[in-house]
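Proteins come first, then strands; the chains are lettered A, B, ... in the order of their sequence lines, and each starts at number 1.
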Amino acid sequence: MPELPEVQTVVSTLQRSVRGLRIAAAKLLRSDVLEPAGFGLEAALVGRGIAEVQRRGKKIVIELDDGNRVAIHLGMSGRLTVEKPEEPVKKHTHFILELVEKSGGKSGAKQVRFVDPRRFGGIFWLGTETAADENLGPEPLTLKPAQLARGLAKTSRAIKTALLDQKLIAGIGNIYADEALFAAGIDPRVPANKLGGEQIAKLNRGIKRVLRRAINHRGSTLRDYRDADGEPGNYQKLHLVYGREGEACAVCGEPIQRIVLGGRSTHFCGRCQKR
DNA sequence: GTCCATGTTCTTTA
DNA sequence: CTAAAGAACATGGA
């Protein structure tokens with residue numbers, strides 16, 4: 001469920017509560033969520049401080065005070081939440097980090113817990129060498145139109161499908177692809193390499209506008225998504241096409257259509273979005 | 001029971 | 001060989 005705005009919100013809430021803390025314990029409750037398989041994750045983490053928490057595409061990157069990094073991908077149903085150690089451990093909890101103040105104080109211990117029922121997500125040990133970047137295209141919030149144009153020119157897939165390709169642009173998923181195409185007034189079925197320069201510029205602005213607004217509203221909660229404090233997002237209320245099949249388009253009143261593109265449901269307004 | 005789901009990767013097809 | 005299309009992964013909710 002988490003796309004760039006949701007992951008960014010988790011990272012922001014996490015930064016506030018765990019940056020600078022020391023890892024007192026680490027428990028991997030389900031080893032198959034870890035890559036590389038069999039890596040000594042717990043030993044590598046215990047005793048280290050958390051230097052920084054960052055986002056790259058849809059990945060959460062935790063940087064330790066020794067320069068090593070671990071990435072967490074939430075997949076479709078994953079959550080990374082901060083909880084008190086005495087809180088009951090939820091079903092499908094695969095990993096727990098126990099954190100304490102660096103200056104000894106045993107009070108105020110907290111845990112970061114990774115819960116992921118569907119297990120499409122995972123934990124990736126990056127060490128100091130592996131780039132968090134691997135297989136990821138540019139960040140959409142700082143993307144330049146010429147960069148976007150270069151990526152889109154390389155493929156004849158429908159623009160909607162191309163936007164979901166993380167190697168082309170990192171962080172956009174099914175919700176924001178539909179919303180960005182509506183914002184830009186572009187038909188999701190148009191082949192990516194058939195878009196004109198003006199349309200690409202419009203799309204680039206649409207992507208940024210939609211993602212920024214979604215971040216301001218703390219992401220979209222459809223079912224599973226929560227930030228690190230357990231709070232849902234609000235942007236789902238402002239979706240103009242996603243999940244609104246049959247409802248009147250907010251701009252022209254035409255019913256929103258739903259089709260399937262690249263195996264994913266796709267929502268758009270047949271009147272506002274042109275080829 | 002059926003269908004669908006905020007994602008990615010592997011396999012098959014053209 | 002390569003790009004695109006399709007299937008698969010695992011769980012739960014409607």
Side-chain angles (χ1 to χ4, degrees), chain A residues 1-11 29-37 55-60 71-80 90-94 114-124 132-137 140 151-181 188-194 207 210-211 213-215 217-227 231-246 258-267:
Chain A
M1 106 275 87
E3 304 181 29
L4 186 151
E6 291 76 35
V7 176
Q8 183 60 56
T9 306
V10 171
V11 165
L29 287 80
R30 193 175 170 118
S31 57
D32 62 356
V33 301
L34 176 65
E35 202 187 297
R55 178 192 61 74
R56 178 69 175 94
K58 298 175 189 171
K59 284 186 196 137
I60 296 161
I72 295 173
H73 196 297
L74 300 177
M76 202 82 120
S77 59
R79 287 188 195 181
L80 199 61
K90 294 189 187 69
K91 194 175 173 184
H92 303 301
T93 297
H94 307 315
F114 174 56
V115 179
D116 184 14
R118 291 172 74 178
R119 268 178 283 134
F120 289 173
I123 301 172
F124 305 82
D133 263 325
E134 274 192 342
N135 301 320
L136 289 184
L152 298 182
K154 288 191 295 219
T155 178
S156 63
R157 285 173 295 172
I159 181 61
K160 159 65 185 279
T161 309
L163 289 177
L164 297 179
D165 183 346
Q166 302 299 298
K167 286 187 276 307
L168 269 179
I169 318 170
I172 297 176
N174 209 33
I175 296 175
Y176 300 106
D178 283 4
E179 294 295 324
L181 285 167
R189 296 164 293 193
V190 181
N193 58 6
K194 293 276 168 52
I207 290 170
V210 163
L211 293 178
R213 280 188 192 161
I215 291 170
H217 291 271
R218 317 188 62 77
S220 304
T221 293
L222 301 185
R223 176 184 290 129
D224 300 304
Y225 170 69
R226 294 289 185 284
D227 69 19
E231 296 296 321
N234 300 297
Y235 193 72
Q236 67 283 358
K237 296 169 195 158
L238 301 179
H239 292 171
L240 296 177
V241 288
Y242 186 87
R244 301 211 178 278
E245 180 186 15
R258 176 185 174 278
I259 60 174
V260 174
L261 276 183
R264 319 279 274 131
S265 74
T266 297
H267 314 73

Item to check | Gap between atoms NE2 and C1', on A/H73 and B/dT9 respectively (whole Å) | outcome: 12 Å
Next on the checklist: Going by side chain to side chain donor-acceptor pair (under 3.5 Å), name the pairs with one or both residues in residues 115-124 of chain A, residues two or more places apart or in two chains.
Outcome noted: A/S77-A/D116
Next on the checklist: For A/R118 and A/N135, find the nucleotide of DNA chain B closest to each by heavy atoms; which residue's nucleotide sits nearer the 5' end?
Outcome noted: A/R118
Next on the checklist: In whole Å, I'd like the distance from the CD atom of A/E6 to the C1' atom of B/dG7.
Outcome noted: 13 Å
Checklist entry - Side chain of A/R119: nearest nucleotide among C/dA10, B/dT8, C/dA4? => result C/dA10
Item to check | Atom-pair distance (CZ on A/R264; C1' on B/dG7), nearest Å | outcome: 6 Å
Scan the side chains in residues 259-266 of chain A for donor-acceptor partners under 3.5 Å anywhere in the protein, sequence neighbours excluded, and list what turns up.
from   : atom 1 : to     : atom 2 : distance (Å)
A/T266 : OG1    : A/K160 : NZ     : 2.9
A/T266 : OG1    : A/R264 : O      : 3.2

Item to check | Integer-rounded Å distance: C/dG12 C1' and A/L222 CG | outcome: 15 Å
Checklist outcome for this item: Separation of B/dG7 atom C1' from A/I72 atom CD1, nearest Å, is 16 Å
Checklist entry - Counting any heavy atom closer than 4.0 Å, what does A/K59 reach on the DNA or RNA strands: base, sugar-phosphate only, or nothing? => result nothing
Checklist entry - Which nucleotide, B/dA5, C/dC9, C/dA4, lies nearest any side-chain atom of A/F120? => result C/dC9
Next on the checklist: Which nucleotide wins on minimum distance to the side chain of A/R157, given the candidates C/dA10, B/dG7, C/dA5?
Outcome noted: C/dA5
Checklist entry - Regarding A/Y176 and A/E6, is there a side-chain donor-to-acceptor distance under 3.5 Å anywhere? => result yes
Item to check | Nearest-nucleotide pick for A/T155, side chain only, options being C/dT11, B/dG7, C/dA4 | outcome: C/dA4
Item to check | Base-paired stems that DNA chain B participates in, counting runs of 3 or more Watson-Crick or G-U pairs under 3.5 Å | outcome: B:2-5 with C:11-14, B:7-14 with C:2-9
Checklist entry - When you measure from the side chain of A/Y242, which nucleotide among C/dT11, B/dA5, B/dG7 comes out closest? => result B/dA5
Item to check | Side-chain (A/E35) to main-chain (A/G122) donor-acceptor, under 3.5 angstrom | outcome: no
Next on the checklist: Out of the candidates A/L181, A/D178, A/I175, only one should pair with A/V241 under the side-chain contact (heavy atoms from CB on, under 4.5 Å) rule; please name it.
Outcome noted: A/D178
